[in-house]
Amino acid sequence: AQTVTQSQPEMSVQEAETVTLSCTYDTSESDYYLFWYKQPPSRQMILVIRQEAYKQQNATENRFSVNFQKAAKSFSLKISDSQLGDAAMYFCAYRTLTSGTYKYIFGTGTRLKVLA
Amino acid sequence: DAGVIQSPRHEVTEMGQEVTLRCKPISGHDYLFWYRQTMMRGLELLIYFNNNVPIDDSGMPEDRFSAKMPNASFSTLKIQPSEPRDSAVYFCASSFGLGKGHYGYTFGSGTRLTVV
């Protein structure tokens, strides 16, 4: 069974600095999606970035980028030029494409604090 | 589009009462998901629909939980009778397709249910 591990329950970053959130996963499959979702205090889960496993190029969305290491089963999120509005819970999620199930497997989350 | 719309935003009810949570997915999305979020268990998939048809309800915790999707623009999650351990945030999410090109879920803002 697939698992997703976020080993950092909480992280802090100074405004305008860069922070990296870690995510590792375990799977025997070769084709899958990985996602980072942000959950601010407003509670809504917001998609930050998506990576397809068959693509070697790391995904980027403005200040957000990932470091996808398929062999190491690692999928970290880098936030550059951190802003106060980035403060939130961040969830890493895995979704298989090959086993016929459409469940997402979410990590336990990392709470990011942004210090002014 | 206004996104995925859930109502109510908050619900407080007494043990034993019936609770109905509502969701309007994004127009054109053909998949709808119900998730529950708690501190202890994280995000759990309860049930999902494809083209209004329930596909996988293996995550529904008990017979007290039921979900319907009478048409493409409306779904309900009902708990009858409710119990204090049902207290959680319930999310609805929708997506268009789940195969190659899937770009992740769009979540609603959730309903915080408190059963006293």
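Letters go in sequence order (proteins before strands), and every chain restarts at 1.
A distance of 8.5 Å separates CD of Q44(A) from CD of Q6(B), quoted to the nearest 0.5 Å. Considering OG of S109(B) and CZ of R43(A), their distance stands at 7.0 Å, rounded to 0.5 Å.
Annotation for K78(A): atom NZ does not count as buried by contact number, only 12 or fewer foreign heavy atoms lying within 6.0 Å. More than 12 heavy atoms of other shown residues, nucleotides or ligands fall within 6.0 angstrom of atom NZ in K70(A). More than 12 heavy atoms of other shown residues, nucleotides or ligands fall within 6.0 angstrom of atom CG in N71(B). Shown here is R111(A), whose CZ atom has no more than 12 heavy atoms of other residues, nucleotides or ligands within 6.0 Å. Within 6.0 Å of CD in E10(A) there are more than 12 heavy atoms belonging to other residues, nucleotides or ligands. Within a 6.0 Å sphere centred on CD of E62(B), heavy atoms belonging to other residues, nucleotides or ligands number more than 12.
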**Request:** Run the numbers on Y37(A) and F107(B) for ring pair (Phe, Tyr, Trp, His ring centres under 6.0 Å), then give the verdict.
**Result:** CA-CA 10 Å; Y37(A) 279 88; F107(B) 281 85; 5.4 Å; yes
**Request:** Please assess L43(B) against M45(A) for the test side chain to side chain contact (heavy atoms under 4.5 Å, CB included), listing each intermediate value before the final yes or no.
**Result:** CA-CA 11 Å; L43(B) 281 152; M45(A) 299 278 285; 3.5 Å; yes
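At a 4.5 Å heavy-atom cutoff, the contact between T111(B) and chain A is made by backbone atoms alone. Interface remark: R41(B) contributes no atoms to any contact with chain A (heavy atom separation under 4.5 Å). Proximity to chain B (any heavy atom under 4.5 Å) is restricted, for F91(A), to the side chain, taken from C-beta onward.
R50(A) contributes no side-chain N or O that, together with a main-chain N or O of G104(B), makes up a donor-acceptor pair within less than 3.5 Å.
Under the 4.5 Å side-chain heavy-atom criterion for grouping Ile, Leu, Val, Met, Phe, Trp and Tyr, M60(B) is connected to L21(B) within one hydrophobic cluster.
For the set Y35(B), Y105(B), F91(B), the count of heavy-atom pairs under 4.5 angstrom toward chain A peaks at Y105(B).
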